[in-house]
Amino acid sequence: MTTPLHLFNSLTRQVEQFQPVHAHEARVYSCGPTVYNYPHIGNMRAYVFADLLGRTLSWKGYKLTHIINITDVGHLTDDADAGEDKLEKAASASAQSIWDIAQHYTEAYWADVTALNIRQPAEWTIATKFVPQMIEFGQRIADRHCYELEGGLYFDTSTVADYGRLARAKTEDGEGRIEAVEGKRHAADFAIWRKTPPGESRQMEWDSPWGKGAPGWHLECSVMSAALLGLPFDIHTGGIDHREIHHPNEIAQNQAFCGSDHSGAKLWMHNNFLVERSGKMSKSSGEFLRLQLLIDKGYHPLAFRLMCLQAHYRSELEFSWEGLEAALTRLKRMLMGVAQLRSQMEELPADPDGGWTLDEARGHVGGALLPLLAEFDKAISDDLNSPLALTVFEDVLAAKKIEREDKWQMLSAMDAVLGLGVLTLDRADLRLRPKSATITEAEIEAALARRKDARAAKDFATSDALRDELSAQGVEVMDGDALGWEWKLD
Ligand code: AMP
Ligand code: ZN
């Protein structure tokens, strides 16, 4: 039995059945990072969500085309069209060129993507490579929808139907928008093209019919999604903050470009925030948690992926070290179950080419597991209910009297959606050394071996002394640990 895929559409604020624009295909665009700084773990939650969506579409048998952009120009320090370009600002604060900054942080982002098992999209589109198309797009909508001010070309939000429908904002009062640019007709109007002020020069600027300058941030996503996916396409994703300004502005541009009321994408999906107890994680504040910090403290990045999957993507998720520790323990438990299963099998079955789909899984796993397969599919088809899907994964792991090969195939199929890599990860992979640790694994193992001998000889004084020595070096000896873990580094 197949459950039709249902997804929450922010446009209608309702869960809807997914109906692709092109039969058997799914075309998805995700707003990518602004590469003026490292991504924080909140940003990475947005891509774990987009990845879960992409994996689910593949699981349901759709041919997926997923695009994620890299914003290397145009994103101002204030989303409501005010302030400086984030990259220009970062470049003037350091001795590096803007291009080097963009390259450095793009690579840092890609490293996090890889560490979190986020699948490569069909294309990473770099905003600065699409400037000619952005100018063409601007020219096409300029006459009917834009006006020029000293600062550049502005979009008149009153020229499209129902502006702000996605945000549920009242257009005229602009819901807290500031009238940052003199001469704007409406507070919500936004820049399509920002002219370089006379007498100044920017590191990133291009000639255009509206003078030398740079494109507006909202323009780039409309242009890249239309260029690579065609309008309309299926799903546009981003963090919940984009529901308020960035995406309503993209929709307005798409409507102007197509000459219709269509918003450009059929579904607009938004992940909720990862927050800290002190509030929302913010890249611009300069202080934030990076994935690398988690790794440096000894947490495997996939424990963070699991932490994200444990919450529904539309719920706010509070980050805490205790929560991350609990996710790591859960991942260890899964790995122990898999290791036990692996040890009982002579040969491991191979995965199908290109990963599992639900149909393939149905053909491979035995009859006894079919109800659990249907349960897993039902959970993930219900607006990506990953918390429930994870419990089905654990039910399969714990299921008794099941052919080992069937169980393995089923776990492998479910992990095609969850992306935790539990069938290939090893116990030792999860024991990361915190960066601050000075003691080596070999030294720990040697001390533990001596302690074992001392205990066998009932020499408890030596045994305790060895334990204290290890403890002084940050090693906690875990006698009788339920997961069979012998030590951990704090
Ligand atoms: P940015 O690099 O600021 O353009 O953001 C990249 C993506 O991360 C966007 O989709 C944002 O909406 C999303 N995002 C930003 N902060 C958070 C957060 N704390 N939790 C979840 N998603 C976030
Ligand atoms: Zn965008």
Side-chain angles (χ1 to χ4, degrees), residues 10 28-53 67-79 83 85-87 89-90 101-102 105-106 108-110 112-113 116 118 124-127 130 134 166-167 190 215-229 233 235-254 264-265 268-291 304 307-308 311-319:
S10 297
V28 182
Y29 183 92
S30 298
C31 284
T34 311
V35 286
Y36 69 103
N37 205 336
Y38 292 105
H40 56 59
I41 55 174
N43 298 131
M44 296 319 293
R45 182 184 188 199
Y47 304 106
V48 169
F49 151 64
D51 184 51
L52 177 69
L53 172 66
I67 303 293
I68 306 181
N69 76 291
I70 302 288
T71 296
D72 55 355
V73 68
H75 195 170
L76 303 190
T77 46
D78 187 311
D79 278 3
D85 184 296
K86 290 186 175 188
L87 273 118
K89 188 177 169 204
I101 288 178
Y105 292 119
T106 302
Y109 164 68
W110 282 337
D112 285 1
V113 161
L116 289 169
I118 292 168
W124 299 102
T125 53
I126 316 273
F130 282 81
M134 293 182 207
L166 178 67
F190 56 90
W217 171 44
H218 316 297
L219 183 62
E220 56 191 64
C221 286
S222 279
V223 169
M224 290 185 283
S225 55
L228 284 123
L229 300 177
F233 59 96
I235 307 176
H236 195 312
T237 81
I240 191 101
D241 51 336
H242 288 348
R243 201 182 67 183
E244 309 309 315
I245 299 175
H246 183 45
H247 289 169
N249 290 356
E250 272 190 56
I251 289 174
Q253 292 167 157
N254 295 347
W268 292 77
M269 294 180 70
H270 298 98
N271 63 278
N272 210 323
F273 273 133
L274 180 75
V275 295
E276 284 184 280
R277 221 154 280 175
S278 55
K280 180 195 150 204
M281 229 164 267
S282 152
K283 193 150 68 173
S284 51
S285 74
E287 280 184 21
F288 52 81
L289 291 169
R290 283 178 57 196
L291 190 65
F304 175 68
M307 188 182 190
C308 292
H312 189 262
Y313 75 90
R314 280 197 284 129
S315 310
E316 201 172 81
L317 171 61
E318 185 177 306
F319 176 82

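Note that the coordinates shown come from a computational prediction; the quantities given were computed from them, not determined experimentally. Counting starts at 1 for both ligands and their atoms, following the listed order. Positions are given from 1 along the sequence.
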From atom 15 (C) of ligand 1, work out which of Asn43, Thr237, Thr34 has a heavy atom at the shortest distance. Asn43
Does any part of the side chain of [Y], heavy atoms only, come nearer than 4.5 Å to the side chain of [X], both counted from C-beta?
| X | Y | answer |
| --- | --- | --- |
| Leu116 | Tyr47 | no |
| Leu274 | Phe304 | yes |
| Cys31 | His247 | yes |
| Ile240 | Arg314 | no |
| Trp268 | Ile251 | yes |
| Glu318 | Val275 | yes |
| Asp112 | Pro39 | yes |

Side chains of Tyr29 and Asn69, donor plus acceptor under 3.5 Å: yes
Going by the side-chain contact (heavy atoms from CB on, under 4.5 Å) test, name the single residue among His236, His242, His270, Glu250 that passes it with Leu166. His270
Is the closest N or O pair between [X] and ligand 1 shorter than 3.5 Å?
| X | answer |
| --- | --- |
| Ala46 | no |
| Asn271 | yes |
| Pro33 | no |
| Asp241 | yes |
| Gly42 | yes |

May I ask whether [X] has any heavy atom positioned less than 4.0 angstrom from an atom of ligand 1?
| X | result |
| --- | --- |
| Met44 | no |
| Thr71 | no |
| Asn272 | yes |

For SG in Cys31 and NE2 in His246, the angle at the Zn ion (ligand 2) (nearest 10°) is 110°
Kindly assign one of parallel, tilted or perpendicular to the pair His246 and Trp217, based on the angle between their ring planes and the thresholds 30° and 60°. parallel
Honestly, for Tyr47 the part within reach of ligand 1 (heavy atoms, under 4.0 Å) is side chain
When you measure from the Zn ion (ligand 2) to the N, O or S atoms of Cys221, does any of those distances fall below 2.8 Å? yes
Of the backbone and side-chain N, O or S atoms of His242, does one lie nearer to the Zn ion (ligand 2) than 2.8 Å? no
Considering only heavy atoms of Gly238, which atoms of ligand 1 have at least one such atom less than 4.0 Å away? 10 (O)
Numbered atoms of ligand 1 (with element) below 4.0 Å of His40, judged on heavy atoms: 16 (N), 17 (C), 19 (N)
